[in-house]
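Below, read A as the first sequence line, B as the second, and so on, with proteins coming before strands; counting in each chain starts at 1.
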2 protein chains.
Amino acid sequence: MPTPPKTSRVEIIAAAGNLLSRHGVDALTMQAVADSVGVRAPSLYKHFADRSALLREVEQAAVAELEKVIQTAAKPKDDRGALKSIANAFRRFAREHPSQYNLIFTLQAGDADSQSARRRALHPVLQRLESCLGNPELAFLRARVLTAFLHGFVSMETAGAFKLGGNIDHAFAAGLDLILA
Amino acid sequence: MPTPPKTSRVEIIAAAGNLLSRHGVDALTMQAVADSVGVRAPSLYKHFADRSALLREVEQAAVAELEKVIQTAAKPKDDRGALKSIANAFRRFAREHPSQYNLIFTLQAGDADSQSARRRALHPVLQRLESCLGNPELAFLRARVLTAFLHGFVSMETAGAFKLGGNIDHAFAAGLDLILA
DNA sequence: GTCTATACTAAGATAGAC
DNA sequence: GTCTATCTTAGTATAGAC
C-alpha cells in the first residue's frame, strides 16, 4: 500500500506564497516550505524539479492575482476613470504584496510564457489607452510611459524612498494626471 | 617586523565594485573579493567589520559616481535642456552599471547618511525644476513624478522588459516631454 | 596586517528503503 | 509519495601564530 499524500502541488505553492509574503524571497527555502506544509524537504522534489521551478509557479500565481486585480479595477465606463482605477489597484497590490510584486517585476524577463502572462495582465491598460487616444501607436508609447511611472513609483514607495514628507497620494495622482492629460 | 600591507581599503572597495559590475551582487562574496585583491578571506576582516559594511562602502562609491554623472550633465543653461540632459545621463548610468544602480535603489533606505547622499545626488533635478516652475511645492511634486518615471523606466529596461519592440529611446523622450511639459 | 586552520550555518539536492 | 541519511557546496566569521 503506497504512502498516502500528505500534501499537494497547490498546497505547496500556496505555502510558498505565504512564506514569500511574510518573510521575503530569501526565506522561501525548500526546508521552510517543507516545514510549512508538514513534510520533509526531500519530499518536495517529488512535486517540483528544483527550487526555481517552485519559484516560477509562485510567480505565475502572483501574476494571475495581479491580473485579476487589474481586471476588476478596469470596470468604469469612461477610459480615464478606468485607467486611474487600474493605477490605484496596481499600487494597492504592490503595497499589499511587495514581495510578490518584486518577484513579478525583477525575475529576469524569463521564458516566453512568463512574459506573455505579464503582458496579458497589463493588457487592459493598453486597451483603454487605445480607446482613449484613438491612435494605437501613440497608445503603445503612452502605455510604456504609464507603466514606467507606475512601476517606478510603487517600487520606490515599497523600498522606503519618499521619506521626505509631503503627500504621497497627491504625488501619485499628480503623475497620473500628467501622463493621462 | 610587522607584516607589510598587501592591500588597502580603497583597493578592496574598488575590487568589490568591479566584481559587482561584472557578476552581480551575489558574486560579491568575501572569498571572491579576497581572491581579487590577492589576499586570504580572513584578512578582509581587518579592514571591514563584515560583508555588509563592505557592501555599504561599495554603495557609497556608486552614489558618489552617480552624483558626479548628474552634476556633469546638469550644465546646460536652460532648465528644460538641463533636465533632459540629466535624465539621459541617469539612464546611461543605469545601463552601464546596472548592478550598482540596483544596489543604490534597492538597498533598503538605509541609514540617514545613505539617504541624504542619495538625495544630494538628485538635488540638481529639484533645483532645476524649481527654477523652471517657480513654485517650490509644485517642483517637489514634479520631482517625485520625474524620478518615479526615470527609475521605473530604467529598471524595467535593465530588467529586460520592453521586449515588445518599438523605439525605446522614443518612449523615453516621450515620457520626458510629457512630464516636463 | 596576513596567514593557516577551523568552526559554524545553511541551503540545494540525491539515493534508496518503505 | 514520504521518509532517513547523506552529500555537496558555499559562504560568513573567528582564533591564534607570525
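- Applying the side-chain hydrogen bond (donor to acceptor under 3.5 Å, both in side chains) test to pairs two or more places apart or on separate chains, those with a residue in residues 131-140 of chain B are B:D79-B:S131.
- With 3.5 Å as the limit, one finds no donor-acceptor pair spanning the side chains of B:R92 and B:N88.
- To the nearest angstrom, P of D:dA13 lies 11 Å from CG of B:L55.
- First and last contacts of DNA chain C with chain B, using any nucleotide atom under 4.0 Å from a protein heavy atom and ordered 5' to 3', fall at C:dG1 to C:dA5.
- Near DNA chain C, defined here as any heavy-atom distance below 4.0 Å, there are no residues from residues 10-26 of chain B.
- Residues from residues 39-54 of chain B with heavy atoms under 4.0 angstrom of DNA chain C, sorted by number: B:V39, B:R40, B:P42, B:S43, B:K46, B:H47.
- Judged by distance alone, with hydrogens and angles left aside, the side-chain atoms of A:R9 form a donor-acceptor pair with the main-chain N or O of A:H47 at under 3.5 Å.
- A search for side chain to side chain donor-acceptor pair (under 3.5 Å) contacts involving B:D35 returns B:Q31, not counting sequence neighbours.
- Residues that satisfy the side chain to side chain donor-acceptor pair (under 3.5 Å) test with A:S21, not counting sequence neighbours, are A:Q100.
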Problem set entry | Audit row: A:K68, A:E65, salt bridge (charged side-chain N to carboxylate O under 4.0 Å, His left out) steps and yes/no | CA-CA 5 Å; A:K68 208 173 63 185; A:E65 173 69 18; 3.6 Å; yes
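- The pair B:R142-B:E130 fails the salt-bridge criterion, with no side-chain N (NZ, NE, NH1 or NH2) lying under 4.0 Å from an Asp/Glu carboxylate O.
- Both tests pass for B:R91 against the ring of B:F172: distance under 6.0 Å to the centre and angle within 45° of the axis.
- No side-chain donor-acceptor contact under 3.5 Å links A:R128 to the backbone of A:H123.
- Between A:E157 atom CD and A:D169 atom CG the span is 7.5 Å, to the nearest 0.5 Å.
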